[in-house]
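Everything on this sheet refers to the single structure shown next.
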Number of protein chains: 4
Amino acid sequence: MAETSLHFRLDPTRAEPLYAQIQMQIKYLLASGGLRTDDELPSVRAMAETYLINPNTVVRAYAELEREGLVYKKRGTGTFVSQAAADMAAAEKQRIVARRLQEAIHEGRALGLTDTQLRQVFSSQLHEPDSGGD
Amino acid sequence: MAETSLHFRLDPTRAEPLYAQIQMQIKYLLASGGLRTDDELPSVRAMAETYLINPNTVVRAYAELEREGLVYKKRGTGTFVSQAAADMAAAEKQRIVARRLQEAIHEGRALGLTDTQLRQVFSSQLHEPDSGGD
Amino acid sequence: MAETSLHFRLDPTRAEPLYAQIQMQIKYLLASGGLRTDDELPSVRAMAETYLINPNTVVRAYAELEREGLVYKKRGTGTFVSQAAADMAAAEKQRIVARRLQEAIHEGRALGLTDTQLRQVFSSQLHEPDSGGD
Amino acid sequence: MAETSLHFRLDPTRAEPLYAQIQMQIKYLLASGGLRTDDELPSVRAMAETYLINPNTVVRAYAELEREGLVYKKRGTGTFVSQAAADMAAAEKQRIVARRLQEAIHEGRALGLTDTQLRQVFSSQLHEPDSGGD
DNA sequence: GTGGTCTAGACCACG
DNA sequence: GTGGTCTAGACCACC
């Protein structure tokens, strides 16, 4: 129950490379439980056809994930989620959010906000019901 | 009284383009009050000589800032901080950051993090020296 | 079916910068239907070689068009006409021109020209081959 | 009755050079009757001080006008409107408007409008009461 | 002095 | 192959 219906949002226009978009979204799925140990990832070919992208792009994304130990490949079979991925899930979750927060903090500082102001804004956002966004 | 001693940290080895580094650091100065309306920016040539970069790189940074309405140029005279730059200041800054933080919080919750965890991650990021790669 | 035979008239002696000439002529093609949504523009290198200009000059023209939202780029792939370009078409075009004409009419009246005189001048301009200097 | 209260709108930010802005606005005054034969133009120094611009800029504007025969200089006295200026006034009026119309037509064509459409837009604008402006 | 444009050619990442 | 960035240095108009 997993590789049946994964869907990604890939935008070749964005500054972030396509392979990195794939990589990041798979990490997201790993962290959120959308992909579990030994689940099979979509084949390179399937992925490329579905999203009309170059197979090499998918290969690179998978290669990077393999390098990180999050997936493993069985020749002639496919690409699968590794055990390490599950172990990393918990920490990865925080890493993902940490990165986002880091970006927001960075931008805030670039705009001249003090740490105190940043804390205040963060707290207020944490309690806000929802504001709606782009 | 302002353009006397602007100093920037430009690192050509970073993934962020030089022109973007200049652009961002000038924005920082605008937001923090280090540069005020009608202050003159360093001339393209002066900037290039000081930081040992190509004048065209500075030209590009200034052009982007002009496109954003933060500076204006007087031909044969120089480049100056626009009124709009000052206007950008106040509440707008917090609004921008609030939105970013809201997104990060949203994502964190989607990944199952509790508010307490979010606070912890936020605090740790606030104190990190710097981390991100690209 | 479109980017097969685009040809431009670039004159480096004119006061208008080369990049602006390219930009304007592509706009013309967009408005006239010579280029349609998702059509691919000539590559930077191809354009530069065909017209014996520097690739950077083409880069700048394309960058300005992208900034205006008329084209988008896929890294490693090429530059394409955006959807927005098509949307720009219809009524918007007339609105832009109407405003310009209104200004000219206003000025003419301020100078004491009668409507009849304005009509005459307009007609003569409509038939002029080209006149303006800078 | 003329050089008493001439006022100009000079914008060093615009693409059009300052000297050309002065030159054009004086031509406008000549065409509209705001300046008549033997009226004295503001002195270079006065002009420069009033508008906080470089005296050389005014010198150049006056020089161009002199080259066109529209003004003449009396050493130690000042710059005055020539007889030719009056003669040229009538034709100049149309030239000014013609140029504006030409620009609008040019832009219209760049946007893909046919001559017929341009005529229609022109006529509609001629009859409009007023629309509002920039 | 200032910025604006352009050339020639380099190196890089991406697909 | 594609575009993105950067350098080195030219020439120009403007102030």
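Note: hydrogens, waters and symmetry copies are ignored here, and every other heavy atom, side chains too, is used. In the text below, chain A, chain B and the rest are named by the order of the sequence lines, each starting its count at 1.
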Exercise. What are the residues of residues 45-59 of chain C, sorted by number, that bring a heavy atom to within less than 4.0 Å of DNA chain E?
Worked result: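 Result for residues 45-59 of chain C: C:Ile53, C:Asn54, C:Asn56, C:Thr57, sorted by number.
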Exercise. Which atom names give the shortest non-hydrogen contact between B:Tyr19 and B:Thr57, and what distance separates them?
Worked result: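 It is CB-O, 3.7 Å.
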Counting only N and O atoms by type, is there a donor-acceptor contact under 3.5 Å from the side chain of [X] to the main-chain atoms of [Y]?
| X | Y | value |
| --- | --- | --- |
| C:Ser82 | C:Leu70 | yes |
| D:Glu64 | D:Ala20 | no |
| B:Arg75 | D:Arg14 | yes |

For this session: Can you spot which of D:Thr79, D:Ile26, D:Ile22 makes a side chain to side chain contact (heavy atoms under 4.5 Å, CB included) with D:Leu65?
Result: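 Exactly one option meets the side chain to side chain contact (heavy atoms under 4.5 Å, CB included) with D:Leu65, and it is D:Ile26.
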Within this structure, what is the [atom1]-to-[atom2] distance between [X] and [N], rounded to whole angstrom?
| X | N | atom1 | atom2 | result |
| --- | --- | --- | --- | --- |
| C:Glu40 | F:dG1 | CD | C1' | 11 Å |
| A:Glu64 | E:dA13 | CD | P | 12 Å |
| B:Glu16 | E:dA13 | CD | P | 17 Å |
| C:Arg67 | F:dG3 | CZ | C1' | 18 Å |
| D:Leu10 | F:dC14 | CG | C1' | 15 Å |
| D:Asp11 | F:dC14 | CG | P | 16 Å |
| B:Tyr62 | E:dT2 | OH | P | 11 Å |
| B:Gln23 | F:dG4 | CD | P | 15 Å |

Under 4.0 Å from OP1 or OP2 of [N]: is there any side-chain N or O of [X] that close?
| X | N | value |
| --- | --- | --- |
| A:Arg60 | E:dG15 | no |
| B:Thr79 | E:dG3 | yes |
| B:Lys73 | E:dT2 | no |
| C:Arg75 | E:dG15 | yes |
| C:Tyr19 | E:dC6 | no |
| C:Thr77 | F:dT2 | no |

Problem set entry | Side chain proximity check, A:Leu10 to A:Leu52, heavy atoms < 4.5 angstrom |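 The answer is no, as the side chains (C-beta and beyond) never meet within the 4.5 Å cut-off.
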Exercise. Just wondering, do B:Leu18 and B:Phe8 contact through their side chains at under 4.5 Å, heavy atoms?
Worked result: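 The answer is no; the side chains never approach within 4.5 Å.
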Exercise. Which sits closer to the 5' end of DNA chain F, C:Gly78 or B:Lys74, going by the nucleotide each is nearest to?
Worked result: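 Result of the comparison: C:Gly78.
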Exercise. Mapping B:Glu66 and A:Ala20 to their closest nucleotides on DNA chain E, which lands nearer the 5' end?
Worked result: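 So the residue in question is B:Glu66.
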For this session: Report the base-pairing partner of E:dC14 (Watson-Crick or G-U wobble, both distances below 3.5 angstrom), or none.
Result: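 Its partner is F:dG1 (Watson-Crick or G-U wobble, both distances under 3.5 Å).
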